Amino acid sequence: MILALAVACGDRITIDYSRPLPDVERTSEYMAVFGDIQYLTMPTTIAFYKTQVEWLERNIDLGAKINCVLHTGDITETNDPISWALWHGETQTLAKKTLYMSAIGDHDYTWHDKVYISDRSDTHFNEYMDFPRTLSKVVASFEPGHMENVVVENVVRGQRLYLLCLEFGPRNEVVEWANEYVSSHKDIKFILVNHEYLESGGGLRTKNIKCEIRIRNSSYNTPTKLWERLVRCNDNIVCVLCGHVSSLYALTLTENDFGREVPQIEHNIQSSSYRFDNWLMLWEFPAVGDSASVSIVNTATGDYYSDTKSLFKFRYKY
């Protein structure tokens with residue numbers, strides 16, 4: 001399959017689609033994951049995000065079965081309407097070609113006194129997370145007209161893998177709602193997408209927890225509480241996806257109440273080590289087998305992180 005090579009040209013990035021990159025198997029199905037892009041939605045850096053989006057669009061046009069694109073939150077750095085508009089403008093064509101859904105990160109709210117999230121409604125998230133294809137797939141929401149806490153229909157290899165997206169530091173009532181929905185739909189499997197969850201090196205985040213530091217006038221659930229109150233007790237939560245911390249990726253496997261090791265996956269490109277390198281996480285679901293293979297590809301060069309097409313695998317059929 002012919003993909004793309006991105007070449008820096010001043011403050012822009014142009015893409016030469018004549019250069020072949022590693023093949024994407026047409027028999028596989030894929031989910032793509034954006035880590036926190038908060039520094040890439042500014043006028044001076046939006047070209048880097050555009051490169052990643054155009055790589056996905058081009059692959060879809062060439063026949064790659066990219067069924068879904070996920071984002072771990074922190075679409076913006078400061079909840080700036082200019083950044084939201086730039087992100088929306090570069091994303092809308094991709095969101096017509098495939099399902100696109102994001103969690104909301106702490107940087108997607110306005111911080112009062114430059115520290116506190118004192119009003120959860122002080123965000124432009126709902127104004128811009130308005131892609132018709134995504135909206136048509138929402139099967140449940142905690143609050144009508146809000147996209148911070150939703151269940152989104154998603155199918156991979158004929159299996160229902162719904163997206164359960166929860167707000168940053170989800171409120172007690174949100175976790176109760178999510179638990180009731182998941183536990184009452186045991187015939188459906190879910191991918192939980194939440195912004196703050198794992199540490200950089202793996203393991204639940206237990207120190208410097210930003211929902212504890214930032215959120216005011218609202219209840220919240222730390223990663224530990226989210227595991228205990230939602231993930232651990234529902235075996236139909238296939239995996240957890242998060243971002244937030246400054247590492248390219250992390251994997252943690254923790255046994256739930258049913259004896260299954262739940263994969264908890266982190267992906268983030270916000271740190272200066274990765275933010276301009278065009279890294280994108282891919283989950284490949286091959287035609288044969290019960291596991292998805294996870295890799296991170298550079299959409300500008302076609303190189304795979306650590307020169308491998310499979311950093312790790314996780315079971316989604318069980």
Side-chain angles (χ1 to χ4, degrees), residues 33-39 70-79 102-123 125 142 148-149 164-179 182 190-234 237 239-257 262-275 281:
V33 179
F34 281 103
D36 308 26
I37 60 170
Q38 60 201 72
Y39 295 115
L70 295 176
H71 191 289
T72 59
D74 280 357
I75 292 171
T76 70
E77 170 65 7
T78 60
N79 192 34
S102 178
I104 184 171
D106 54 322
H107 284 266
D108 297 325
Y109 299 90
T110 294
W111 295 1
H112 297 281
D113 296 328
K114 299 183 179 180
V115 178
Y116 304 115
I117 300 170
S118 56
D119 183 356
R120 286 186 182 267
S121 66
D122 198 350
T123 175
F125 183 79
F142 178 71
E148 299 100 319
N149 302 292
L164 173 61
C165 299
L166 299 185
E167 64 192 5
F168 171 68
R171 289 164 284 176
N172 289 336
E173 53 267 37
V174 168
V175 175
E176 291 170 4
W177 166 80
N179 182 60
V182 171
F190 297 86
I191 298 169
L192 172 60
V193 188
N194 184 243
H195 183 61
E196 181 182 34
Y197 189 79
L198 291 184
E199 290 284 7
S200 296
L204 289 176
R205 188 168 176 82
T206 58
K207 298 179 180 179
N208 192 31
I209 302 173
K210 291 300 173 67
C211 66
E212 287 185 327
I213 295 170
R214 302 209 189 285
I215 294 177
R216 296 291 185 271
N217 304 319
S218 169
S219 62
Y220 57 82
N221 277 259
T222 65
T224 298
K225 289 181 179 178
L226 196 58
W227 164 261
E228 293 290 342
R229 297 177 178 179
L230 179 62
V231 183
R232 177 177 176 173
C233 54
N234 288 292
I237 294 181
C239 63
V240 180
L241 173 66
C242 67
H244 185 65
V245 293
S246 296
S247 65
L248 189 60
Y249 79 97
L251 170 68
T252 292
L253 298 171
T254 311
E255 187 173 297
N256 66 10
D257 289 344
V262 180
Q264 298 146 88
I265 301 165
E266 176 265 333
H267 177 49
N268 190 357
I269 60 170
Q270 78 177 64
S271 73
S272 58
S273 301
Y274 306 116
R275 71 179 63 152
M281 180 176 276

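Everything quoted here is computed from the prediction, not taken from an experiment.
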### Query
Can you find a heavy atom in the side chain of Asn256 that is under 4.5 Å from one in the side chain of Trp227?
yes

#### Entry: Atom CG of Asp257 with >12 non-hydrogen neighbours under 6.0 angstrom
yes

### Query
So, the side chain of Arg171 versus the backbone of Ser219: is there a donor-acceptor pair under 3.5 Å, distance only?
no

### Query
NZ of Lys114 to OG1 of Thr78: how many Å apart, nearest 0.5 Å?
11.5 Å

### Task
Using a cut-off of 6.0 Å, state whether more than 12 heavy atoms not belonging to Tyr274 lie near its atom OH.
yes

### Task
Identify the two heavy atoms, one from Lys210 and one from Phe168, that lie closest to each other, and give their separation to 0.1 Å.
C-CZ, 3.7 Å

#### Entry: Spacing of CD1 belonging to Ile117 relative to OH belonging to Tyr220, to within rounding of 0.5 Å
12.0 Å

### Check against side-chain contact (heavy atoms from CB on, under 4.5 Å), Val193 and His71
CA-CA 8 Å; Val193 188; His71 191 289; over 6 Å; no

### Message
Testing the basics here: between Ile209 and Pro223, what is the closest heavy-atom pair and its distance to 0.1 Å?
### Response
CG2-CD, 4.0 Å

### Task
Tell me, with the steps shown, if His244 and Asp106 meet side-chain contact (heavy atoms from CB on, under 4.5 Å).
CA-CA 9 Å; His244 185 65; Asp106 54 322; 3.6 Å; yes

#### Entry: Gln264 and Leu204, any side-chain heavy atoms less than 4.5 Å apart
yes

#### Entry: Verdict with reasoning, Gln270 to Ser246, per side-chain contact (heavy atoms from CB on, under 4.5 Å)
CA-CA 6 Å; Gln270 78 177 64; Ser246 296; 3.7 Å; yes

### Task
Determine yes or no for a side-chain-to-main-chain donor-acceptor pair under 3.5 angstrom, with Asn194 supplying the side chain and Leu166 the backbone.
yes

### Task
Please report the C-alpha distance between Thr222 and Glu212 in whole Å, then the side-chain angles of each, then the deciding distance to 0.1 Å, and finally whether the side-chain hydrogen bond (donor to acceptor under 3.5 Å, both in side chains) criterion is met.
CA-CA 7 Å; Thr222 65; Glu212 287 185 327; 5.6 Å; no

### Task
I would like to know whether Leu226 and Leu192 meet side-chain contact (heavy atoms from CB on, under 4.5 Å); could you show each step before the answer?
CA-CA 10 Å; Leu226 196 58; Leu192 172 60; 4.3 Å; yes

### Task
Indicate whether the side chain of Glu266 and that of Ser247 have a donor and an acceptor atom separated by less than 3.5 Å.
yes

### Message
For Ile37, is there any backbone N or O sitting under 3.5 Å from a side-chain donor or acceptor partner on Arg275?
### Response
no

### Message
Restricting to non-hydrogen atoms, name the atom on Thr123 and the atom on Asn79 that form the minimum distance, rounded to 0.1 Å.
### Response
CA-ND2, 3.4 Å

### Message
Rounded at 0.5 Å granularity, tell me how far CG in Asp119 sits from NE2 in His112.
### Response
5.5 Å

### Query
CG of Asn221 to CD of Glu173: how many Å apart, nearest 0.5 Å?
9.5 Å

### Message
I'd like to know if the side chain of Asp36 and the backbone of Asn268 have a donor-acceptor N/O pair within less than 3.5 Å.
### Response
no

### Message
Please check: side-chain N/O of Arg120 versus main-chain N/O of Tyr109, any donor-acceptor pairing under 3.5 Å?
### Response
no

### Task
Using atom types as modelled and distance alone, determine if a side-chain donor or acceptor of Asn149 lies under 3.5 Å from a backbone N or O of Glu167.
yes

### Message
Could you report the tightest heavy-atom contact between His107 and Trp111, atom names first, then the distance?
### Response
CE1-CH2, 3.4 Å

### Message
Regarding Asp108 and His195, do their side chains bring together a donor and an acceptor under 3.5 Å, going by distance alone?
### Response
no

### Query
Could you give the distance from CD1 (Ile265) to OH (Tyr197), rounded to the nearest 0.5 Å?
11.5 Å

### Task
Report yes or no: does Arg205 contribute a side-chain atom to a donor-acceptor pair with the main-chain N or O of Gly202 at less than 3.5 Å?
no

### Message
Is it the case that the side chain of Glu199 and the backbone of Thr206 share a donor-acceptor pair, with hydrogens and angles ignored and the cut-off at 3.5 Å?
### Response
yes

## Note on the structure
In this structure, CD1 of Ile191 is separated from CG of Leu164 (nearest 0.5 Å) by 10.5 Å

#### Entry: Side chain proximity check, Asn172 to Arg229, heavy atoms < 4.5 angstrom
yes

### Message
Hydrogens and angles aside, do Asn179 and Asn234 bring a side-chain donor and acceptor to less than 3.5 Å of each other?
### Response
yes

### Query
Should Gln38 and Ile75 count as side-chain neighbours, where that means a heavy-atom distance under 4.5 Å?
no

### Task
Would you name the heavy atoms of Leu198 and Ala250 that are closest together and state the gap between them?
CD1-O, 4.3 Å

